[in-house]
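Worksheet: the structure to be examined is printed underneath.
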Amino acid sequence: MTRWTPQQVAALAPDASSVAAARRLARPGPWSDTGSTDTLVWGKCQGSGKTPYQVSIDLTEPAFRCTCPSRKFPCKHGLALLMLWVEGSGSVRDAAEAAGFAAEWAAERAARAASSSAAGAARAGRAPDPTAQAKRLEERLALMTSGIDDFARWLGDLARGGTASVRSQPYAWWDTTAARLVDAQLPGLADQVRSMASDVATRPDWPDHLLAAMGRWWTVTRAWSQRAAADDDAAGDLRTVLGWSVPTESVRQREALTDRWTVLGAHRTDDGRLQQQRTWLRGEASGETVQVLDFAAGGQVLPMARVVGSVLDATLARYPGKAVHRALFVDEPVVTDARAGLADVASVDAAHAKAAATWAVNPWAWRVPVALAHVRATILEGAAGALVDEVGDALRLTEDSPVWPLLALTGGHPTDLFAELEGQRARPLSAVVDGELVAL
């Protein structure tokens, strides 16, 4: 279902104070067991008592249910949950089936509304109204277009004024722009702007880093204006950078790829709002490298990471996109007894060439997977880590790279390793030690 706009949610509130209270709750912290289907959104919100409030929303009317004692309808908890769902950042995940308490409430409503068992069944299985869906999509596109235009003006002002004074700007300066992007349903860009505030303050190469980001952001604004001419894969890359999620069911209906997949590496991040786990896989027959993403918000827990070097018999469905494909498991993968190493390892120069070729077709692919041959970990001046290959080409490591564990595992000797290339920096995730691929 096309997600609503923040204005549509605010229009449902009984008064302005309810909107203000809901906005304070519209963050992952107090929420757990959240999820959504085409017609339902649900979650549990921890209040002042021991037992969290159960919140359920039927999107087809809409209708609300909350176990809190509030006499307002909808209450702040229902509005806050809708705001999280609208944001589309992964705090409210897509699910195949509704949680028990939400499903029971939906079934009770369907039974009450039905004049007969047949009518009740029809009501429970009612598909979303296509006309209403089309109208919501039109409203969302208009809101996003307005947000993109506003962002383009901000970028233009930044370029004309120069970037020299940007480092002296407070965090609120960045956050204001990010908040406007969230309101325009562009959470992907909002996250990048907020991250840039930290990068500008801490990175020694911040001028180059900011300038490269500004170039990527400008290409987003131009691509949005020409989106009608884009094919499915180009549109998929654009949706990804904007943070516009693709329903998992539509991905499952795309062409699938069955192969034996080697687990190359995994990395977890936590920005305080959302946990993410990236798992990189390489197909033995296809030679394709894909990433599988898992998310967890509130009280949710990420799934156990796959064992690096293990081999999975699995069928994957790929999200639309031209380069650095994201995929999901169509069925539960089967772990084989085999172990695999790294294939198609290359020099640092070749890794840069691969990244350049990737960015030529998808300039928003922030992370490019690379397999490096015979590189040696070292410490540069200022305690920064780097990888140096056989011809002396060096690749600086990201600040969160596990350089000391890598040195401990390899003893400073050259080895093959797998890494994520972020701009001009690398984050090693696994290395070949004594003939086996091991996690860092």
Side-chain angles (χ1 to χ4, degrees), residues 188 191-192 195-196 199 202-206 208-213 215-217 219 237 240-241 262-269 276-283 287-293 308 321-327 341-380 384-403 405-406 410 414-432 437 439-440:
D191 287 344
Q192 291 190 29
S195 296
M196 185 56 64
D199 291 344
T202 59
R203 289 181 60 144
D205 62 341
W206 72 266
D208 293 338
H209 180 61
L210 173 60
L211 190 60
R216 287 194 304 273
W217 293 340
T219 63
D237 289 330
T240 298
V241 72
T262 299
V263 181
L264 298 177
H267 184 66
R268 288 188 174 189
T269 60
Q276 182 194 92
Q277 177 173 271
R278 296 188 299 275
T279 304
W280 294 96
L281 309 172
R282 185 185 186 277
E288 184 171 351
T289 300
V290 301
Q291 60 175 328
V292 176
L293 300 182
V308 170
K322 286 183 175 294
V324 190
H325 287 114
R326 178 186 172 188
L342 282 177
D344 298 332
V345 293
S347 65
V348 168
D349 185 64
H352 282 307
K354 177 184 178 180
T358 299
W359 294 328
V361 295
N362 178 11
W364 315 303
W366 179 234
R367 298 181 184 92
V368 178
V370 293
L372 299 171
H374 295 93
V375 290
R376 176 174 53 84
T378 186
I379 301 297
L380 301 178
L387 301 172
V388 182
D389 67 10
E390 292 179 311
V391 298
D393 290 334
L395 189 57
R396 191 182 180 94
L397 300 183
T398 59
E399 293 181 356
D400 63 346
S401 291
V403 60
L406 178 58
T410 63
T415 187
D416 297 344
L417 61 79
F418 174 77
E420 298 175 329
L421 195 61
E422 292 187 354
Q424 301 300 313
R425 299 186 179 190
R427 177 185 296 107
L429 300 182
S430 61
V432 177
L437 190 61
L440 296 176

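Basis for what follows: all heavy atoms, side chains included, without hydrogens, waters or symmetry-related copies.
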Counting N and O atoms only, with roles assigned by atom type, does the side chain of [X] sit under 3.5 Å from a partner on the main chain of [Y], one being a donor and the other an acceptor?
{"X": "Asp389", "Y": "Ser347", "value": "no"}
{"X": "Asp416", "Y": "Val432", "value": "no"}
{"X": "Trp366", "Y": "Glu422", "value": "no"}
{"X": "Ser430", "Y": "Leu264", "value": "yes"}

Less than 4.0 angstrom from a charged side-chain N to a carboxylate O is my criterion; do Lys354 and Asp344 meet it? no
Test item: side-chain donor near acceptor, Asp400 and Thr398, under 3.5 Å: yes
Determine the minimum heavy-atom distance between [X] and [Y], stating which atoms define it.
{"X": "Trp280", "Y": "Pro369", "answer": "CZ3-CG, 3.5 Å"}
{"X": "Thr219", "Y": "Pro363", "answer": "OG1-CG, 4.3 Å"}
{"X": "Ala355", "Y": "Val368", "answer": "CA-CG1, 4.2 Å"}
{"X": "Ala351", "Y": "Val370", "answer": "CB-CG1, 3.9 Å"}
{"X": "Ser401", "Y": "Ala426", "answer": "OG-O, 3.2 Å"}
{"X": "Thr279", "Y": "Ala266", "answer": "OG1-CB, 4.1 Å"}

Surrounding NE2 of His352 (heavy atoms of other residues, nucleotides or ligands, distance under 6.0 Å), is the total greater than 12?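 Enclosed: over 12 neighbouring heavy atoms sit under 6.0 Å from NE2 of His352.
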Roughly how far, to the nearest 0.5 Å, is the [atom2] atom of [Y] from the [atom1] atom of [X]?
{"X": "Arg425", "Y": "Arg203", "atom1": "CZ", "atom2": "CZ", "result": "4.0 Å"}
{"X": "Leu397", "Y": "Leu380", "atom1": "CG", "atom2": "CG", "result": "8.0 Å"}
{"X": "Arg427", "Y": "Leu421", "atom1": "CZ", "atom2": "CG", "result": "10.5 Å"}
{"X": "Gln424", "Y": "Asp205", "atom1": "CD", "atom2": "CG", "result": "9.5 Å"}
{"X": "His267", "Y": "Leu440", "atom1": "NE2", "atom2": "CG", "result": "11.5 Å"}
{"X": "Phe418", "Y": "Thr262", "atom1": "CZ", "atom2": "OG1", "result": "11.0 Å"}

For side-chain contact (heavy atoms from CB on, under 4.5 Å), just list the numbers for Arg326 and Leu293, CA-CA rounded to whole Å, side-chain angles, deciding distance to a tenth of an Å, and then say yes or no. CA-CA 7 Å; Arg326 178 186 172 188; Leu293 300 182; 3.7 Å; yes
Only counting residues at least two apart or in another chain, list the ones meeting salt bridge (charged side-chain N to carboxylate O under 4.0 Å, His left out) with Arg278. Glu420
With a 4.5 Å heavy-atom cut-off, do [X] and [Y] have their side chains touching?
{"X": "Val263", "Y": "Leu281", "answer": "yes"}
{"X": "Leu387", "Y": "Leu406", "answer": "yes"}
{"X": "Val375", "Y": "Leu395", "answer": "no"}
{"X": "Trp217", "Y": "Met196", "answer": "yes"}
{"X": "Asn362", "Y": "Val241", "answer": "no"}

Under the criterion side-chain contact (heavy atoms from CB on, under 4.5 Å), I'd like the reasoning laid out for Leu210 against Asp199: C-alpha separation, chi angles, the key distance, then a yes or no. CA-CA 8 Å; Leu210 173 60; Asp199 291 344; over 6 Å; no
Quick one: do Asp237 and Trp364 satisfy side-chain contact (heavy atoms from CB on, under 4.5 Å)? Show the steps, please. CA-CA 7 Å; Asp237 289 330; Trp364 315 303; 4.1 Å; yes
Side chain to side chain donor-acceptor pair (under 3.5 Å) with Arg396: which residues, sequence neighbours excluded? none
Start with the C-alpha distance between Gln277 and Arg268, add both sets of side-chain angles, then the distance that settles side chain to side chain donor-acceptor pair (under 3.5 Å), and finish with yes or no. CA-CA 4 Å; Gln277 177 173 271; Arg268 288 188 174 189; 2.6 Å; yes
